[in-house]
Protein chains: 2
Amino acid sequence: MSTAAVADTRPYHHGDLRRALVDAAARILEREGPSALSLRAVAREAGVSPAAPYHHFKDKNELLEAVAHVGWEALGEAMLEVRQNGTDVQTLMTELGVAYVCFSQRHPALYRVMYDRSRDKDSLPEGMQDKEDSAYCLVRETFRKVAGPEVADVDIELATIAAWCAAHGLAEMSGFAQFNPLREALGGDEAFLRGVLSHLGSFGYRGHEPVK
Amino acid sequence: MSTAAVADTRPYHHGDLRRALVDAAARILEREGPSALSLRAVAREAGVSPAAPYHHFKDKNELLEAVAHVGWEALGEAMLEVRQNGTDVQTLMTELGVAYVCFSQRHPALYRVMYDRSRDKDSLPEGMQDKEDSAYCLVRETFRKVAGPEVADVDIELATIAAWCAAHGLAEMSGFAQFNPLREALGGDEAFLRGVLSHLGSFGYRGHEPVK
DNA sequence: GATGTTATCTAAACACCGTCCAGATCGGAC
DNA sequence: GTCCGATCTGGACGGTGTTTAGATAACATC
């Protein structure tokens, strides 16, 4: 076998077609958006027949779920990076929100697939609430630090859910045309995001501008 | 041009097919969900050929937009009803949120179509920010009363956007399985919604349970 | 090394989809 | 009554998700 172009050797029929399909799907998503993401297009992009994916995924949904999974991992990493920047716990909350929304702006098609899957299943990815270092737990632990020990666990959980809902809502609507005047008045998109997120605080916290 | 015609829709062959199609679409949406909402299915439900809708809508998107439009009107009415219940301004804010989310729970497929259209257009329905009695303005005016006169208009607008984002996020995620334990612990879905919404306040306001 | 097994992939087909086109039908203006 | 234009139909085209039968190639066993 002489596959000169790619240094990678192909051990058998196609190699790791499963991964190749997920990569192809992600590529199509970035290049042409969610409406172009057909199973046949993915197979085409990967250079296989339209029926080939069915040996690796039960149906289209299962492929999209795999795509969504890598999306959630990337989102988690983006938010973890924020924590390592080592700001104080007050600003951290807003910065986590900004990181979340900015991820959705950088990968709008991927973000859409992620949440479309979640809404179809009526659940976030499994283990999101429990796994250490998940984005969700990161937010919850940050809330716990902000709140102090006298706040009940139930309230921590409710605040986390509230923040998550708000971040998701902002992720889906931040680009809406109606907000453009306000965005420009505040001097750019990040300022706009911080402005909105600063109105979402709990436990007396309202973002990077401390309450007097 | 013509004298008595109030609307430009006129009953010809079929009668008011345009309205019949929108109604048929809404019916399919409630009965079988968004994935079953094909243009052909709508035509079938209305008893016409698959090509008939093209004399009333440019394409499928335009039909969905009409469906979304009636959805937004119904949502606006549901929220207006809350205001007429005449609670004090403090609880009103939470009740508006509850009404919003409950609407999305009663008509999940319709709500999905509404926001899918908005995201494709990257904008809320036209005039939502300006039209008196729109749901959006209702929230903004409520915030203005809560905030008092010393709060800047920019902050009112930001708080409104934040509340809207949070309500939308909660509308899309309130049914997620991960929240079931907490939902039951709080004694039902409405209590859960109120709990989440109570962590979203601004201007020192945090829902129906006043801050101590 | 030849054998059989099994996973992998292809080709062809099915039903459905959105959309367009040529023609049939019919309401209303002249 | 004649004509025009809006409305609807039947049929077609290319695309989609999915299934089936059959070809191919890597692997385990002898």
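Letters go in sequence order (proteins before strands), and every chain restarts at 1.
The interatomic distance linking B:Asp16 (CG) with D:dA6 (P) rounds to 17 Å, in whole Å.
B:Asp133 pairs with exactly one of B:Glu77, B:Arg83, B:Met79 by the side chain to side chain contact (heavy atoms under 4.5 Å, CB included) rule, that one being B:Arg83. A side chain to side chain contact (heavy atoms under 4.5 Å, CB included) with B:Leu124 is found for one member of B:Met128, B:Lys121, B:Glu126 and no other, namely B:Met128.
Position along DNA chain D of the nearest nucleotide to A:Leu39 versus B:Pro50 favours B:Pro50 as the more 5'-ward residue.
Note on ring orientation: taking the six-membered ring where Trp is involved, the planes of B:Tyr100 and B:Tyr111 are perpendicular (angle over 60°, cut-offs 30° and 60°).
Side-chain proximity of B:Arg40 to C:dG18, D:dC8, C:dT10: nearest is C:dG18.
Residues A:Arg40 and A:Pro50 approach most closely at CG-CB, 4.1 Å, considering heavy atoms. In terms of heavy-atom proximity, B:Phe143 sits nearest to B:Met93 at CE1-CE, 3.7 Å.
B:Ser49 has no side-chain polar atom (N or O) that falls below the 4.0 Å cut-off from OP1 or OP2 of D:dC8. For the OP1/OP2 pair of D:dT16 and a distance below 4.0 Å, the side-chain nitrogens and oxygens of A:Arg44 include at least one atom meeting the criterion.
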| Dot-bracket summary - DNA chain C, pairs being Watson-Crick or G-U whose distances fall under 3.5 Å, with | when paired to another strand | ||||||||||||||||||||||||||||||

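Annotation: side-chain hydrogen bond (donor to acceptor under 3.5 Å, both in side chains) contacts of B:Asp130 (sequence neighbours excluded): none.
Rounded to the nearest 0.5 angstrom, A:Arg18 CZ and A:Asp23 CG are separated by 11.5 Å.
Interface residues of residues 51-70 of chain A facing DNA chain C, ordered by number: A:Ala51, A:Ala52, A:His55, A:His56; criterion, heavy-atom separation under 4.0 Å.
Nucleic acid contact class of A:Arg18 (heavy atoms, under 4.0 Å, all strands): none.
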